[in-house]
Amino acid sequence: MSSARSLTSAPELAEELRERFVAIVGARHAITTPEDMAPYLEEPRGLFHGATPLVLMPASTDEVAAILALAHAESIAVVPQGGNTGLVGGQVPGLGGAQGRRPEVLVSLKRMRAVRSIDTDGNTMTVEAGLTLAEAQAAAETVERLFPLSLASEGSCTIGGNLATNAGGVAVLAYGAMRALTLGLEVVLADGRIWDGLRALPKDNTGLDLRDLFIGSEGTLGIITAAVLKLFPRPVEQATAIVGVRDLDCMARLFARARRVGGPMLTAFEIMPRFGLALVLRHAKGARDPLQAPAPWYALIELSSPLADEGMGEKLERLLGEALDEDEIADAAIARSLTARAAFWALRERLSEVQKREGASIKNDVSVPIAHIPEFIARADARMAELVPGCRPLPFGHFGDGNIHYNISQPPDMEPAAFLAKWDRLTGAVNEIVLSLGGSVSAEHGIGRLKRDLLARVKSEVEIDLMRQIKRTLDPKNILNPGKMLDV
Ligand SMILES: Cc1cc2nc3c(=O)[nH]c(=O)nc-3n(C[C@H](O)[C@H](O)[C@H](O)COP(=O)(O)OP(=O)(O)OC[C@H]3O[C@@H](n4cnc5c(N)ncnc54)[C@H](O)[C@@H]3O)c2cc1C
């Protein structure tokens, strides 16, 4: 991925076929001009630029089914898209598969955003795939429940995209990733048949688990149109702190202590280095340094309880007091109001945005066993300094899940393009270290197009063979998101 993959023109659809596709959704919901298509063809990092002859915006499962039935009959490729916030190029059309260039119609689920039902006895809600994550969270709020998935992109990303990528985020520590939050699915298959798996049963041991096969399949096995999601009691008491930490060995001890003291009430443990906080303070309007003296590392710790008077504040103070006594932390600030809590979280959530203001960056979404995080970061930092002197690593993220976003900002005096030309070299070196520590080269963003060539390195021949066979069975004409995740 040394330079952006770019397509300026898309293979055309025959006029008669285009009209048949457009007739399914109606002309108002089909986009055909380059200007109107542009927002669907760029992804957040600008690494991939896509091309498509047609963007279709169906309003119902039946319309999606009709689109796929026609695409299947005519062997036209289809790329599903939700909020277009994916970070591995999976939602970008026109990047092609093994069968060479052919038209790839983009199907945006954005119009399918109904909350079909909420069941407060069973604590579930059935929603359509195009609902944004923020809208799903708000729907849960209306019945005083929590839908816990939480990502910095939640205002734009959709439930369908979250399912297709098995999204993680900042609450995985307590609630699990999207797979753990889902009971049932509705999926349109490659040939246009609809699989109604919208079951809301926590217990259902009947046959193979198709639901978990589609979750995380990145649009390559079917188009998800709706899902039954689990709801949880809403936290009524939360205590949040930002803590300054001397080094990552102390961070590991602090995490173990937070687990002991907080138990299941530990709902977040996020880390960032001083360099990350400094960028937020430099570029994000209104951001303030939470501690008096700078620290090499920061942890954002949150304890939450669905019950009142459970003493979250006291627990947090006890945790921090013990950590101070043991010299694990240098200083800490506890949020004393909802506004202060929001300000602490904003420091963490604005990291991706502010890094863009520092020029080009090369990003790695990796995970290693928690005990190896300090070694991973130390080895990766040393290797990056050897490969590109002056580059500025910014490892941050979900310490409690072993998931580090090992991002690297360019040296200030280097040309962005020259730095990006080193993409393969730097990510290759990071991945070597990750694999030597028993980690994963994609913790939560998926494989998409960006990491496709890595799959063969991290999965055995047996696994790749099984994946290919499943893909060929469910999508024999390879029309669903061809060239993504797996080259068949
Ligand atoms: C600032 C920022 C922060 C982020 N933080 C996180 C994070 O903490 N954790 C995390 O996991 N991710 C994170 N992401 C990545 C991204 O937001 C998630 O992957 C998200 O789940 C993608 O949802 P989307 O609707 O935007 O999907 P898209 O980007 O539109 O698509 C992603 C993939 O899903 C497929 N797809 C989309 N909808 C469907 C559907 N209905 N049926 C079948 N396939 C479909 C697409 O073909 C593509 O392969 C972040 C992204 C940004 C920009």
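Counting convention: from 1, in listed order, for ligands and their atoms alike.
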*asked:* Can you confirm, on distance only, whether ligand 1 has an N/O atom lying under 3.5 Å from any N/O atom belonging to Val79?
replied: no
*Would Glu128 and Arg113 pass as an ion pair if we require N to O under 4.0 Å?*
no
*Any idea which of Glu218, Glu349, Glu128, Gln81 brings a heavy atom closest to atom 49 (O) of ligand 1?*
Glu218
*Without hydrogens or angle criteria, can the side chains of Glu444 and His398 be said to hold a donor-acceptor pair below 3.5 Å?*
yes
_Residue, atom name and distance, where the atom is the protein heavy atom closest to atom 24 (P) of ligand 1_ = Gly83 N, 3.4 Å
*Nearest-contact summary for atom 27 (O) of ligand 1 - protein heavy atom, Å*: Gly161 CA, 3.4 Å
*asked:* Starting from atom 42 (N) of ligand 1, what is the nearest protein heavy atom, named by residue and atom, and what distance separates them?
replied: Ile224 N, 2.9 Å
*With only distance considered, is His405 within less than 3.5 Å of ligand 1 through an N or O on each side?*
no
*Any chance you could measure Leu338, atom CG, to Gln238, atom CD, to the nearest 0.5 Å?*
8.0 Å
*Which residue holds the protein heavy atom closest to atom 51 (C) of ligand 1, what is that atom called, and what is the gap in Å?*
Thr85 O, 3.4 Å
*Any idea which part of His445 is under 4.0 Å from ligand 1, heavy-atom wise: side chain, backbone, both or neither?*
side chain
*Using distance alone, determine whether Thr158 and ligand 1 share an N or O pair under 3.5 Å.*
yes
*asked:* Please state which option from Ile223, Leu87, Asn84 has its nearest heavy atom closest to atom 28 (P) of ligand 1.
replied: Asn84
_Tyr406/Phe376 aromatic ring centres below 6.0 Å_ = yes
*Are any of the N/O atoms in Gly86 less than 3.5 Å from those in ligand 1?*
yes
*Heavy atoms only: which of Ala171, Gly168, Ala152 is nearest to atom 1 (C) of ligand 1?*
Ala152
_With respect to Glu444, determine whether any N or O atom, backbone or side chain, lies less than 3.5 Å from an N or O atom of ligand 1._
yes
*Could you find the nearest protein heavy atom to atom 33 (C) of ligand 1 and give me its residue, atom name and distance?*
Thr165 CG2, 3.7 Å
*Using a strict 4.0 Å cut-off to heavy atoms of Gly219, name the atoms of ligand 1 that fall inside it.*
43 (C), 44 (N)
*Could you tell me whether a side-chain N or O of Glu302 sits under 3.5 Å from a main-chain N or O of Thr240, the two making a donor and an acceptor?*
no
*Min heavy-atom dist Gly222 to ligand 1 below 4.0 Å*: yes
*asked:* Closer than 3.5 angstrom, by distance alone: can the side chain of Gln81 be matched with the main-chain N or O of Gln91 as a donor-acceptor pair?
replied: yes
*Heavy-atom contacts with Ala167 under 4.0 Å: which atoms of ligand 1 show up? List them by number with element.*
11 (O), 21 (O)
*pair Val228-Arg199: side-chain heavy atoms closer than 4.5 Å*: no
*asked:* Tell me whether the rings of Phe396 and His405 are parallel (<30°), tilted (30 to 60°) or perpendicular (>60°).
replied: tilted
*Using a 4.0 Å heavy-atom cut-off, say whether Leu109 meets ligand 1 through its side chain, its backbone, both or neither.*
side chain
*Please could you name the atoms of ligand 1 that Asn481 approaches to less than 4.0 Å, counting only its heavy atoms?*
47 (O), 49 (O)
*Is the shortest distance from a Lys or Arg side-chain nitrogen in Arg274 or Asp289 to a carboxylate oxygen in the other one below 4.0 Å?*
yes
*Derivation of the side chain to side chain contact (heavy atoms under 4.5 Å, CB included) call for Ile404 and Val368*: CA-CA 8 Å; Ile404 301 298; Val368 294; 5.6 Å; no
*Do the rings of Phe269 and Phe399 sit parallel, tilted or perpendicular, given the 30° and 60° boundaries?*
tilted
_How far is atom 46 (C) of ligand 1 from the closest protein heavy atom, and which atom is that?_
Pro80 O, 3.2 Å
*Against heavy atoms of Asn162, which atoms of ligand 1 measure under 4.0 Å?*
20 (C), 21 (O), 23 (O)
*Of all the heavy-atom pairs spanning Glu358 and Ser409, show the shortest one and how long it is.*
CB-OG, 4.3 Å
*asked:* Using a plain distance cutoff, I'd like to know if Val170 has any nitrogen or oxygen under 3.5 Å from a nitrogen or oxygen of ligand 1.
replied: no
*To the nearest 0.1 Å, how far is atom 34 (O) of ligand 1 from its closest protein heavy atom, and which atom is that?*
Ala164 CB, 3.3 Å
_Residue-ligand contact Gly448/ligand 1, heavy atom below 4.0 Å_ = no
*asked:* Do the side chains of Glu186 and Arg116 get close enough for a salt bridge, i.e. N-O under 4.0 angstrom?
replied: yes
_Using only atom types and a distance under 3.5 Å, with no angle test, would you say the side chain of Arg472 pairs donor to acceptor with the backbone of Asn478?_
no
*asked:* Return the closest protein heavy atom for atom 4 (C) of ligand 1 as residue, atom name and distance.
replied: Ser153 OG, 3.8 Å
*For Arg193, does the CZ atom sit with more than 12 other heavy atoms under 6.0 Å from it, leaving out its own atoms?*
no
